[in-house]
Amino acid sequence: MTFDCPAADLAPRLLGATLIVRGCAGRIVETEAYAPDDPASHSFPGPTMRNAAMFGPAGHAYVYRIYGLHWCLNVVGAPGHAVLIRALEPLDGIATMQTRRGPGRPLCKGPGMLAQALGIDGADDGRAFGTPDFRLDLNPPGDWLTGTRIGITKAADWPMRFGLPGPWLSRAF
DNA sequence: ACTCTGATGTACT
DNA sequence: GTACATCAGAGTA
């Protein structure tokens, strides 16, 4: 399967893909890779209750709560590998996203924002991509940017953040 | 533009 | 008790 590969390979390949969730859609413009040998990864300590989806089938979602408030969406690759979706260019269902996010707020410029905009929460943890309401349409990416990941303290200098240039990134590279 | 901080849940030591 | 793969609002400039 196309998703069953190391996160460092999958993360750039997800750039440019269209993520469709229950009527809302966006183009993936920013990702981060997390692997089992990475001290910053939730899979680093081995399988637990929370990270079970990371060790489950490739091409499924791993959704977790961060800082008690926000949800973050990952795409699972090979066992213990996952790619955090950090930012989208909003494409469809924008009115719904605005309602969920609130007036004047950015829609998808960060992992917590995009999860809220698309209505993703813990009920989506472990869900398979590939249904009309929850799918991922891959597109061949052109050139992309590489940098260090955001918001972590361990392995902070690993170049595991990937992005497409443009105004939709959570932060410039 | 920037830096600081509060809000909140859960999994760890 | 502490550490988070975060966001929003307030403050300074």
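Protein chains get the first letters and strands the later ones, always in sequence-line order, with residue 1 at the start of each.
Aromatic pair A:His42/A:Tyr64: ring centres closer than 6.0 Å.
Judged by a 6.0 Å distance limit and a 45° cone about the ring axis, A:Arg149 is positioned over the six-membered ring of A:Tyr34.
Atom pair A:Leu73:CG and C:dC7:P shows a separation of 13 Å (rounding to whole Å applied). Look at CH2 on A:Trp158: it is 14 Å from C1' on C:dA5, rounded to the nearest Å. Protein atom CG of A:Leu69 is 13 Å distant from nucleotide atom P of C:dG9, rounded to whole Å. A:Asn51 places its CG atom 16 Å from the P atom of C:dC4, with the value rounded to the nearest Å. The separation between A:Met113 atom CE and C:dG9 atom P is 10 Å, rounded to whole Å. In this structure, A:His42 places its NE2 atom 5 Å from C1' of C:dA5, rounding to the nearest Å. Rounding to whole angstrom units, CD1 of residue A:Ile85 and P of C:dT6 are separated by 14 Å. One can place CG of A:Asn74 at 14 Å from C1' of C:dT6, the figure rounded to the nearest angstrom.
Within the nucleic acid shown, A:Met49 has no heavy atom closer than 4.0 Å to any nucleic acid atom. Heavy atoms of A:Leu84 sit under 4.0 angstrom from at least one base atom. Backbone-only engagement by A:Arg65 is indicated by non-hydrogen atom pairs under 4.0 Å involving sugar-phosphate atoms exclusively. At a threshold of 4.0 angstrom between heavy atoms, the contacts of A:Arg101 are confined to the sugar-phosphate backbone, with no base atom among them. Backbone-only engagement by A:Gly112 is indicated by non-hydrogen atom pairs under 4.0 Å involving sugar-phosphate atoms exclusively.
Applying the 5.5 angstrom centroid cut-off and the 30 degree plane-angle cut-off, the aromatic ring of A:Tyr67 is not stacked upon the base of B:dA7.
Side-chain contact of A:Ser170 with A:Arg86: a donor-acceptor pair under 3.5 Å is present, judged by distance alone.
With a cut-off of 3.5 Å on both Watson-Crick or G-U wobble distances, the partner of C:dT12 is given as B:dA1. The partner of B:dT13 cannot be assigned: no Watson-Crick or G-U wobble pair with both contacts below 3.5 Å exists in any strand. Searching all strands for a Watson-Crick or G-U wobble partner of C:dT6 with both distances below 3.5 Å returns B:dA7.
With hydrogens and angles disregarded, a donor-acceptor distance shorter than 3.5 Å links the side chain of A:Asn51 to the backbone of A:Gly46.
Between A:Arg135 and A:Asp137, the shortest heavy-atom distance links the atoms NE-OD1, 2.9 Å.
The side chain of A:Thr48 places an N or O atom within less than 4.0 Å of a non-bridging phosphate oxygen (OP1 or OP2) of B:dC12.
In this structure, A:Ile152 and A:Arg105 both approach DNA chain C, and ranking their closest nucleotides by distance from the 5' end singles out A:Ile152. Nearest-nucleotide assignment on DNA chain C puts the 5′-proximal partner with A:Thr153, out of A:Thr153 and A:Leu114.
Of the residues listed (A:Asp92, A:Asp124, A:Asp133), the one engaging A:Arg22 in a salt bridge (Lys or Arg N to Asp or Glu O under 4.0 Å) is A:Asp124, and it is the only one.
In the interface, the side chain of A:Tyr64 is paired with the base of C:dA5 through a donor and an acceptor atom under 3.5 Å apart.
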